[in-house]
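Only heavy atoms go into these numbers, but all of them, side chains included; no hydrogens, no water, no symmetry mates. For reference, positions follow the sequence shown, starting with 1.
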Amino acid sequence: MSDSILSQAEIDRLLNGGSNTENESVTDDAALDGGIKPYDPNTQRRVIRERLHSLEIINERFARQFRIGLFNLLRRSPDVTAGNIKIQPYHEFARNLPVPTNLNLVHMNPLRGTALFVFSPNLVFMAVDNLFGGDGRFPTKADGREFTPTEQRVITRMLSMALEAYDFAWSSIFKLHTEYVRSEMQVKFTNITSSPNDIVVTTPFYIEIGPHRGEFDICIPFSIIEPLREVLTHPPLENSKQEDRQWRNILASQIKDTELELVANLSDISTRLSQVMKMQKGDIIPIEKKESIEACVDGVPIFSGKYGCVSNQYALKIEKMMSHDLFFKKGVIPNE
């Protein structure tokens, strides 16, 4: 009987629920046999062609802020680099995670859904070693074990800094507030997507302290940020707020010269079509005079007042503005 120890790759496959090597080999054989590839509608990827420019800006800002936080924690000058954004199915991201890996589930309020903030074991061991005065001379081996209470305490402090830095990075694009939910060791307990084939947006961040290197990943289901797709593909200009203010002032001044048709309905009479057909010249239709008459613009009540005569002309005396607050809140009519 052999006493050989399982390799790290074998441990990763066991903890992640096994691998798909057999299925992949069958698929490869089918593809090579006559060049025909099997088609499964349940596993087709969603194609996202736009480049998320704003998310790249957010990642660069996060890298700078996270670097400052790590320096304040470790008192060492780290180098934090944001990697390329990857758009891939969730199962591809999950199967490449080493064991142990700290998986933190985070809500991105007010967006709906849960993202992952992932600390690799190399980053955790490097942070603990530097925090207690080490220089990385004696590397720590994971061997599939769980993190110690000391390592979990360091992870909590780094996660707090990461969430604060990520909120700041999003502040100029969209007001976002991240909220920590829980931590997991195995990816099969995360369930941030409804299906392993759902598309996620992942960004790796590489942290280097001297000759040592660790990795930190942010994994966001595309369904969370899809409502912000237009904002993420087209970054806002720095002078957009000033241009919006100028545009509103010009619009408000031009609205003053706009011609509108003001209609005052004196009375409503209910009758039948048969009675209208019997009407002749000289017939009288009795009208009840209302105490208050509404004046409308395009069917929207604007004023209320009384009907009368001034200087031998029919007139409407305005007593109340019906939609006063509505117009001032939207800035359509300037408050003078």
Side-chain angles (χ1 to χ4, degrees), residues 12-28 30 37-56 58-59 62 82-120 155 159 162-163 166-167 169-170 173-205 215-233:
D12 294 345
R13 286 197 293 269
L14 289 174
L15 292 177
N16 288 330
S19 61
N20 296 326
T21 54
E22 296 181 358
N23 295 333
E24 292 174 356
S25 62
V26 173
T27 302
D28 295 339
K37 296 182 179 180
Y39 179 84
D40 187 356
N42 295 325
T43 60
Q44 297 309 305
R45 296 186 183 182
R46 180 180 179 182
V47 179
I48 302 172
R49 303 184 182 277
E50 297 91 347
R51 182 177 177 183
L52 305 177
H53 297 278
S54 297
L55 192 57
E56 295 177 356
I58 292 171
N59 292 335
F62 170 76
N84 296 327
I85 297 175
K86 299 179 182 178
I87 301 177
Q88 58 186 347
Y90 179 62
H91 68 85
E92 290 190 5
F93 168 77
R95 70 182 181 184
N96 294 323
L97 294 176
V99 177
T101 299
N102 179 253
L103 307 167
N104 300 280
L105 284 79
V106 176
H107 284 327
M108 300 176 63
N109 301 318
L111 302 178
R112 299 183 62 181
T114 307
L116 279 182
F117 281 49
V118 183
F119 292 95
S120 67
I155 291 173
L159 178 62
L163 296 180
Y166 204 61
D167 290 347
W170 272 84
I173 305 297
F174 181 78
K175 296 299 181 181
L176 193 70
H177 175 65
T178 53
E179 179 185 358
Y180 170 74
V181 180
R182 69 176 192 275
S183 297
E184 296 289 348
M185 289 287 295
Q186 299 184 27
V187 70
K188 61 182 179 181
F189 296 134
T190 55
N191 297 327
I192 64 172
T193 59
S194 58
S195 171
N197 297 312
D198 288 349
I199 299 298
V200 294
V201 180
T202 60
T203 305
F205 296 89
E215 184 174 340
F216 170 73
D217 296 277
I218 297 179
C219 176
I220 305 174
F222 186 76
S223 59
I224 295 180
I225 60 176
E226 190 169 12
L228 306 176
R229 189 170 185 170
E230 185 67 22
V231 177
L232 295 177
T233 53

For [X] and [Y], work out which heavy atoms get closest and say how close.
X    : Y    : result
A115 : I224 : N-CD1, 4.3 Å
K175 : P110 : O-CD, 3.6 Å
S120 : E215 : OG-O, 2.8 Å
M108 : L176 : CE-CD2, 3.5 Å
F205 : N59  : CE2-O, 3.5 Å

For this session: Please test L52 against T233 for side chain to side chain contact (heavy atoms under 4.5 Å, CB included), starting from the C-alpha separation and ending with a verdict.
Result: CA-CA 5 Å; L52 305 177; T233 53; 3.9 Å; yes

What distance separates [X] [atom1] from [Y] [atom2], expressed to the nearest 0.5 Å?
X    : Y    : atom1 : atom2 : answer
D217 : L97  : CG    : CG    : 7.0 Å
E184 : N191 : CD    : CG    : 9.0 Å
M185 : L103 : CE    : CG    : 8.0 Å
E226 : I199 : CD    : CD1   : 11.0 Å
L55  : L232 : CG    : CG    : 6.0 Å
N96  : H91  : CG    : NE2   : 10.5 Å

Can you confirm whether [X] sits close enough to [Y] that some side-chain heavy atom of one is under 4.5 Å from a side-chain heavy atom of the other?
X    : Y    : answer
N102 : L159 : no
T203 : I58  : no
F117 : I220 : no
T114 : L105 : yes
D198 : P221 : no
Y166 : V106 : no
F222 : I87  : no

Exercise. What's the verdict on side chain to side chain contact (heavy atoms under 4.5 Å, CB included) for I192 and C219, showing C-alpha distance, side-chain angles and the deciding distance?
Worked result: CA-CA 9 Å; I192 64 172; C219 176; 4.0 Å; yes

For this session: Take D167 and F62, measure what side chain to side chain contact (heavy atoms under 4.5 Å, CB included) needs, and give me the verdict at the end.
Result: CA-CA 9 Å; D167 290 347; F62 170 76; over 6 Å; no

Exercise. Taking the inter-plane angle between the rings of Y90 and F93 on a 0 to 90° scale, is it parallel (under 30°), tilted (30 to 60°) or perpendicular (over 60°)?
Worked result: tilted

Problem set entry | side chain to side chain contact (heavy atoms under 4.5 Å, CB included) between L116 and V200, intermediate numbers included | CA-CA 10 Å; L116 279 182; V200 294; over 6 Å; no

Exercise. Which residues pass the ring pair (Phe, Tyr, Trp, His ring centres under 6.0 Å) test with F119, sequence neighbours left out?
Worked result: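 Expected list: F216.
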
Exercise. With no hydrogens and no angle check, is any side-chain donor or acceptor of S54 less than 3.5 Å from a backbone partner on V231?
Worked result: yes

